[in-house]
Amino acid sequence: MTLRYRLATPADFPSILAMLRAFYAEDHIDYDPALVESGLRTLLAEPVHGAVLLLQGDGVAEAGYASLGWCFSIEQGGRFLLLDELYLAPAARGRGWGRQALALARDWAHSQRASVMRIEVNHHNARAKALYLAAGYRDDGRDILTLPLLATPTGLHA
């Protein structure tokens with residue numbers, strides 16, 4: 001059974017959002033509708049920022065999605081892609097499609113001339129990390145730290 005993808009368009013927003021919300025609930029990711037929905041709408045409408053691959057497989061029309069966003073790093077040799085989110089619906093799991101989804105994302109990144117593709121994985125998701133390592137990703141021994149810039153921290157003046 002083979003997994004395939006098509007590039008998502010703004011018309012796919014509702015179906016991707018439903019999968020995204022299921023993913024966030026399952027993986028205990030905070031869901032801020034204003035932030036997340038704006039980000040998804042922008043990514044779907046403006047391909048300069050990256051793409052969403054809508055995953056489809058035999059008998060599963062909406063098997064999941066992969067969101068890829070462009071970044072730049074001197075260390076990485078220039079433009080690279082962040083595989084920001086990878087989600088397979090429960091009906092699509094256990095078929096080897098996780099490996100296939102990673103290969104599809106890699107091939108798309110390569111076709112776009114990305115120098116590197118990076119991925120985030122939550123510390124509690126050892127199963128996903130094992131899948132990524134088996135697919136050739138390496139653990140750089142770094143943590144991702146985040147500084148929210150849209151909100152003014154308590155005690156600081158804008």
Leu131 side, atom CG; Leu102 side, atom CG - distance, nearest 0.5 Å: 5.0 Å
Under 3.5 Å donor-acceptor, Asp27 side chain and Ile29 backbone: no
Test item: Ser115 side-chain N/O and Gln76 main-chain N/O as donor-acceptor pair under 3.5 Å: yes
Phe23 and Tyr65 aromatic ring geometry - parallel, tilted or perpendicular at 30°/60° bounds: perpendicular
Stepwise side chain to side chain contact (heavy atoms under 4.5 Å, CB included) check, Tyr132 with Asp139: CA-CA 9 Å; Tyr132 304 149; Asp139 185 340; over 6 Å; no
Closest non-hydrogen atom pair between Ala109 and Leu81, with its separation: CB-CD1, 3.3 Å
Shared hydrophobic cluster, Leu7 / Leu68 (ILVMFWY, side-chain heavy atoms < 4.5 Å): yes
Any donor-acceptor N/O pair, Asn125 side chain to Ala128 backbone, under 3.5 Å: yes
Other residues, nucleotides, ligands: >12 heavy atoms within 6.0 Å of Arg6 CZ: yes
Side chain to side chain, Leu104 and Leu55, heavy atoms closer than 4.5 Å: yes
Flag side-chain contact, heavy atom, 4.5 Å: Val60 against Arg95: yes
Check: Tyr137 and Val121 side chains under 4.5 Å, non-hydrogen atoms: no
Closest non-hydrogen atom pair, Glu62 against Ala89: O-CB, 4.0 Å
Gln100-Tyr5 side chain donor-acceptor pair, cut-off 3.5 Å: no
Over all atoms of both residues, closest heavy-atom pair of Leu82 and Glu120: CD2-OE2, 3.9 Å
same_hphob_cluster(Tyr87, Leu43) at 4.5 Å side-chain heavy-atom cutoff: yes
Smallest separation among heavy atoms of Arg93 and Glu26, with atom names: NH2-OE1, 2.9 Å
Parallel, tilted or perpendicular, as decided by the 30° and 60° cut-offs, for the rings of Trp108 and Trp70: tilted
His110 NE2: over 12 foreign heavy atoms closer than 6.0 Å: no
Asp30 atom CG, over 12 foreign heavy atoms within 6.0 Å: no
Glu85 and Leu40: CA distance, side-chain angles, deciding distance, side chain to side chain contact (heavy atoms under 4.5 Å, CB included) verdict: CA-CA 11 Å; Glu85 296 183 3; Leu40 178 58; over 6 Å; no
Ala101 backbone acceptor or donor facing Arg106 side chain under 3.5 Å: no
Same apolar cluster (I L V M F W Y, side chains within < 4.5 Å links), Ile119/Val116: no
Heavy-atom pair with the smallest gap, counting every atom of Trp97 and Leu3: O-CD2, 3.4 Å
Euclidean distance, Leu54 CG relative to Ser67 OG, rounded to 0.5 Å: 12.0 Å
Side chain to side chain contact (heavy atoms under 4.5 Å, CB included) between Leu147 and Leu149, intermediate numbers included: CA-CA 6 Å; Leu147 175 65; Leu149 297 174; 3.8 Å; yes
Same apolar cluster (I L V M F W Y, side chains within < 4.5 Å links), Leu17/Leu53: no
ILVMFWY cluster, Val36 and Leu44 together (side-chain gap under 4.5 Å): yes
Side chain to side chain, Arg118 and Leu83, heavy atoms closer than 4.5 Å: no
Shortest non-hydrogen contact between Ser73 and Phe80, atoms and distance: CB-CE2, 3.5 Å
Neighbour count above 12 (heavy atom, 6.0 Å) for His123 NE2: no
Working for side chain to side chain contact (heavy atoms under 4.5 Å, CB included), residues Ile16 and Val52: CA-CA 9 Å; Ile16 295 169; Val52 176; 3.8 Å; yes
Polar side-chain atom of Ser15 near backbone of Asp12 as donor-acceptor pair, under 3.5 Å: yes
SB check Arg142 Glu75 (cutoff 4.0 Å): yes
